[in-house]
Every structure is written in C-alpha cells, then in structure tokens.
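A quick write-up on the structure given underneath.
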Amino acid sequence: MSAQPSTPLALSEFAFEVQAGLATDGQKTLPCRYFYDEVGTALFQAISLLPEYGLTRADDRVIQASAGELADLLRTPVSVVELGSGTGSKTHRILEALSTRASVTYYPIDVSLTALQCCRRELSDVAEVVPVEASYLEGVTRAVSLRKPRERILTLFLGSTIGNFERSEMPRFLQQVRARLRPGDALLLGTDLEKAESRMTLAYDDPQGVTAAFNLNLLARINRELGGDFVIRDFAHEALYNRSERRIEMHLRSRRDQQVFIRDAGIEAPFRRGETIWTESSHKFELPEVRTLAADSGFDCVRQWVDQEWPFAENLLIAGGARV
Ligand code: AVJ
C-alpha cells in the first residue's frame, strides 16, 4: 500500500529483488544469496571458525575421512565441477585423492570473480583449475561441454547450501543438475542433519554476535549499494528453529515503527515495530530423506558418510542408476 515501486530506469537485479521483497503488505523477505559481498564473505568465514557453528568443520572432517574411499568408488578419470568456488582443505583433499590416478581438471563455478581467483591460487597445485564465472546451472552446462572422452564428472555441492532452497525446490534444482550429467556421473552433496534444538539455534545466534553482524550486513549492503537509509541499530538479529519445517529461519526484526527509503529500488518501506524481514532458511535433514531426495531427482544415493561430533552427512549420488 504505502510502498511505492517506481521504475524510472532499469533496476539492477539486486535493486529489483529488494523492491520485490520489501514492497509488500505480507511477510517481507530478502534473498540470502545477497549476504555474500566482500564484507559478508569475510563474516561467513569468521562464522565458520566459531565454536558454536560446527557445520563447516564437520563438512571438512567427513571429507578428510572419506576422500580416499570416494576416489576408489569413482575409479575412472574424473573432472570435478563445484557449485560455488570451494577454497581450502575440503576441495583440496578431494582433488588430491583423485589426482593419484590421473591428472584432474577442476571447474569452480561462481558469480564472484574474486572468489574464483582465490580458489585458483589455493588449488592449482593439485589440479588444472578452469574457473567458470556463471550461475550454477549455466556453469555446469559449460563445464560438461568441455568433458574429455571416457571421463566421469564429479559435481560438488558442499556446505549444506542445498539447505537454503525451499524443500519443494530441492528436487527441481537437483533434476536440473542431473539433466546436464550422464549416467554414472556423480554428485557429492553436503547436508546438515537435525540435532538438538539448542545446538542449532546457538549456531545461528552466537554470543559474540558474528552471525548478527552477518545478517545485519545485508541492510548495510543495501545502504552502500542502493542508497538505502536503514538505521542498522533499529533492527535486531533473530534465529529460530521451525520444528514442523525442520529449518533455522533468520530474521531481522524492526525495533520500532519506521520508514526506510531505498533510492535505487524506488521504494519507501514502512515497518511496524516487531515486524520482520525473513532473510534465510537453513533446512536440516534426516539420512533417509536425502536418499529419497536423490531418487526423486534421478540419482542413486550409494553412500552416506556422517560426522559423529556434529551430525552432518556427505552423500554420494550417482546419476541414472548406473553402477559404480
Ligand atoms: C553457508 C548456507 C550453509 O545456512 O548454515 C551461516 C550460511 N547462515 N550462518 C548456513 C549461514 C548463518 C550457511 N550456509
């Protein structure tokens, strides 16, 4: 009602999504992929070091422990395609395990050139790194078009990023990945598992406030890039566990009645005290559910490796039901 979308010029994708998410009478939302500007990427790296956020370390441990077996299961020469440009020890260990057989080509896919450059620096000692600056699905299309004869593709989708999708969108996304692969190609999928509620909520609301800073940075980014006038201290970070949907939801709650003007999105957004912007969902999984998700997407889940300290699974999916 009171928010007035006006589009004198073509809006950037960011401006368009901010307008769509905030100029509504219903639940306000912002897409979580906009967390990751330079500040947000640094804050996420800090989150992954917090004692309360065990997810990244668990992902890393399972990969260190399973990379050898993974390489044995895949046997034939492999090119690795990663959704998101992995850095550091996770991807390094996988490439290293695979490269004992034959030289490996590695295609990191990311929309951030900085992330891709960083990734090339860290991984070119174990693989030929071919960065692909594109969205995930476009990137997969491009990478598989460069496949050599008799070569198998291993796609990596780590860190439980799949958990940020709506549950109903997960099979659709994985089907689209599957459609670009051949029978016998593989997808290694990282999924955070459901655990005690207090552990989950603390992981997304750490006492040092790093996750709060990560969440609030989205408003600061709108101020920086779109000429917004958010007063950051007038919003509070919140993380709650939605039991029926089995997901952590992050919100930014308005501390008072206020109006926020965002120049480049062409809106003046009204907030009631207590109203929230829903910024992220992180779905949690059960092991059988991942096997069903795989089957619904045209994959066979042939192996699940689980971390005992922080329940997290690495799932090996094979396209088209072909045997490994
Ligand atoms: C990187 C998407 C897996 O959802 O747990 C961390 C992002 N959000 N703390 C997650 C995140 C809040 C993270 N992923």
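Order of listing sets the numbers, starting from 1, for every ligand and every atom in it. Here the structure is a predicted model, which means the values were calculated and not measured.
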Residue, atom and distance of the protein heavy atom nearest atom 2 (C) of ligand 1 read Asn164 OD1, 2.8 Å

Any donor-acceptor pair under 3.5 Å linking the side-chain atoms of [Y] with those of [X]?
| X | Y | value |
| --- | --- | --- |
| Arg263 | Asn223 | no |
| Glu249 | Thr279 | no |
| Asn315 | Thr191 | yes |

Check this for me - ligand 1, [X], N or O atoms closer than 3.5 angstrom, yes or no?
| X | answer |
| --- | --- |
| Tyr53 | yes |
| Glu280 | yes |
| Tyr204 | yes |
| Ser282 | yes |

query = Is the Lys NZ or Arg CZ of Arg167 less than 6.0 Å from the centre of Phe285's six-membered ring, within 45° of the axis?
reply = yes

Show me the donor-acceptor pairs, under 3.5 Å and distance only, between side chains in residues 130-143 and residues at least two apart or in other chains.
from: Thr141; atom 1: OG1; to: Leu137; atom 2: O; distance (Å): 3.0
from: Thr141; atom 1: OG1; to: Arg180; atom 2: NE; distance (Å): 2.8

- Is the shortest distance from a heavy atom of Phe35 to ligand 1 less than 4.0 Å? no

Tell me whether Gly159 reaches ligand 1 (any heavy atom closer than 4.0 angstrom to a ligand atom). yes

Under 4.0 Å between heavy atoms, the region of Leu55 that gets near ligand 1 turns out to be side chain

Checking heavy atoms under 4.0 Å, the part of Asn215 that sits near ligand 1 is neither

Taken in chain and number order and not counting sequence neighbours, the residues that satisfy ring pair (Phe, Tyr, Trp, His ring centres under 6.0 Å) with Tyr53 are Tyr204

